[in-house]
2 protein chains.
Amino acid sequence: MSTKEKIVDAAFGLFSQKGYLGTTTKKIALHAGVSEVTLFRHFGSKESIFEEVIQSKSFLPDLKNLIPKLENLSLKDTLLEIATENIKKLIMKKGAIKIFFSEVDRYPQKVKESHNNMCNALDNTLITFLKSKKELSNFSEEDLIIITKTIWYLIFGYFLDTVIIKNDDINLSNFRKMFSKKIDFLINGIK
Amino acid sequence: MSTKEKIVDAAFGLFSQKGYLGTTTKKIALHAGVSEVTLFRHFGSKESIFEEVIQSKSFLPDLKNLIPKLENLSLKDTLLEIATENIKKLIMKKGAIKIFFSEVDRYPQKVKESHNNMCNALDNTLITFLKSKKELSNFSEEDLIIITKTIWYLIFGYFLDTVIIKNDDINLSNFRKMFSKKIDFLINGIK
DNA sequence: CCATAGTGTAAGTAAGCACTTACATATAAA
DNA sequence: TTTATATGTAAGTGCTTACTTACACTATGG
């Protein structure tokens, strides 16, 4: 791993745990296993380390790779797979998400942009996919958007509640059990 | 308003916008319209100002006041009223919620505690209420918990997405329209 | 052998921070 | 009038921070 990468990795870990202001260049250097001067020689300032971190650690969800696997599944199983895949992704990117939340006001544009990209990518892929399901063929575009948001909020709400706030680990099989029930309710209604 | 209150209010505003480390005692004093020394005479340290802020600005949702109004409504309208009431509350407490999110790692116990209290209060009131609805009499306790969480995540997810991340204002009538559809799907199913 | 690029150590700088001290002022109760 | 209480101003202390400068070391390629 190059010196630059070591620095970015260390900075990422610290920023996500302690926030931007709670992280010192000294600690970044220490965690990266380099001297503080080296850090400034590579990046010039703490600010530009942060920018590099946001750029390199932000992410787009890649539902596209998942779609082939879903062709022959029922609507319920499909949604369950999508939810599982996404919660895994969220867990992997926990650090980045924490940074986004605590630095929203420091870098409003970047955070907003990144969030919008992420959501749009997710929404579009999911909507396109839902359109192709015969069970949902009678729904309007508008309705599908609402259904998509519903599913997304269920995943995101659970993630924030459990991982970010309670800081518990997610047990994937428990998550699937829970989510499976929620989807049941959504598909069949609670009435 | 007493000097103490002025200080706590100013600190609250700044903490929620800039975070704990991003807020200086100088700025708190300035915003409160008092001198910095006065601030230390009252609280002794920045830390204890923060503690006062968390204590005085944290909140429990009070669904209880709402319940009488809900007696004669349909399940759907009931849930819609509850959601509306809660999103209003969340908006009012936006600042406190922002502080919770950005200071989770600084004060894990307090934030966790506060969050758990809030969620439990909400869950319990809502579950008790749902139990009383005849439409839901055939559901188990476990199912009702899941339904409760589903509703809560829909509200919370929307709030975070719109208010915290996008920093948009919530148009209550739009929210109700959206949420009404989501509840329709939940009650009647999407199949 | 020499030049270059990347690194380390040590020391320091200027600024900002939480917090303190000393002293003056105002108000209101005794 | 005196006294206690709450405030303000001004100055300063000690610490930490991001960032700099100067110099020495090592490895690699020509």
Side-chain angles (χ1 to χ4, degrees), chain A residues 1-57 95 98-99 102-108 110-111, chain B residues 1-57 95 98-100 102-111:
Chain A
M1 194 162 30
S2 76
T3 305
K4 270 204 163 190
E5 282 171 323
K6 282 194 285 184
I7 293 170
V8 170
D9 275 16
F12 172 65
L14 289 166
F15 285 147
S16 65
Q17 281 170 50
K18 308 281 180 184
Y20 180 78
L21 293 174
T23 299
T24 65
T25 50
K26 211 173 198 162
K27 279 189 217 148
I28 298 175
L30 190 74
H31 277 73
V34 301
S35 79
E36 204 180 346
V37 216
T38 295
L39 183 153
F40 283 103
R41 279 195 273 243
H42 276 282
F43 292 95
S45 72
K46 183 184 174 186
E47 188 87 16
S48 67
I49 298 178
F50 184 73
E51 280 168 24
E52 181 72 28
V53 166
I54 306 200
Q55 277 214 343
S56 70
K57 303 288 180 181
K98 278 204 162 188
I99 292 178
S102 45
E103 309 300 335
V104 181
D105 286 309
R106 186 177 317 286
Y107 293 98
K110 274 174 197 160
V111 172
Chain B
M1 190 160 36
S2 75
T3 304
K4 270 205 164 193
E5 284 172 321
K6 281 194 285 183
I7 293 169
V8 171
D9 275 16
F12 173 64
L14 289 166
F15 284 147
S16 66
Q17 280 171 49
K18 308 281 181 184
Y20 181 80
L21 292 175
T23 300
T24 65
T25 50
K26 211 174 201 163
K27 279 189 218 150
I28 297 175
L30 189 73
H31 277 73
V34 302
S35 77
E36 204 181 345
V37 217
T38 296
L39 183 153
F40 282 103
R41 280 195 274 244
H42 276 282
F43 292 95
S45 71
K46 182 184 173 185
E47 187 87 15
S48 68
I49 299 178
F50 184 72
E51 280 168 24
E52 182 72 28
V53 167
I54 306 202
Q55 277 213 342
S56 70
K57 302 289 179 181
K98 277 203 162 190
I99 292 178
F100 286 161
S102 45
E103 309 300 335
V104 181
D105 286 309
R106 184 176 319 284
Y107 295 98
Q109 293 102 310
K110 274 174 196 158
V111 172

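None of these values were measured; they are calculated from a predicted model. So that the names make sense, note that chain A is the first sequence line, chain B the second, and so on, each numbered from 1.
A/Ser2 comes within 4.0 angstrom of nothing in the nucleic acid, heavy atoms only. Residue B/Thr24 is in sugar-phosphate contact alone, with no base atom involved, counting any heavy-atom pair closer than 4.0 Å across all strands shown. Residue-level contact check: B/Val34 touches the backbone only, with heavy atoms under 4.0 Å from sugar-phosphate atoms and none from bases.
Remark: A/Thr25 is in phosphate contact with D/dA18, judged by side-chain N or O atoms under 4.0 Å from OP1 or OP2. Contact annotation: B/Thr38 side-chain N/O to D/dG8 OP1/OP2 distance is under 4.0 Å. Contact between the side-chain N/O atoms of B/His42 and the OP1/OP2 oxygens of D/dA6 is not found at any separation under 4.0 Å. The phosphate of D/dT7 (OP1 or OP2) has a side-chain N or O of B/Thr3 nearer than 4.0 angstrom.
When distances are taken from the side chain of B/Lys46 to each of D/dT17, C/dA18, D/dC19, the shortest belongs to C/dA18. Closest contact between the side chain of A/Phe40 and the listed nucleotides D/dT7, D/dT21, D/dC19 involves D/dC19. For A/Val37, the side-chain atoms get nearest to D/dT21 when compared with the rest of C/dT7, D/dA10, D/dT21.
In this structure, CD of A/Glu5 is placed 15 Å from P of C/dG6, rounded to the nearest angstrom. In this structure, the CG atom of B/Leu21 is 12 Å from the C1' atom of D/dT17, given to the nearest Å.
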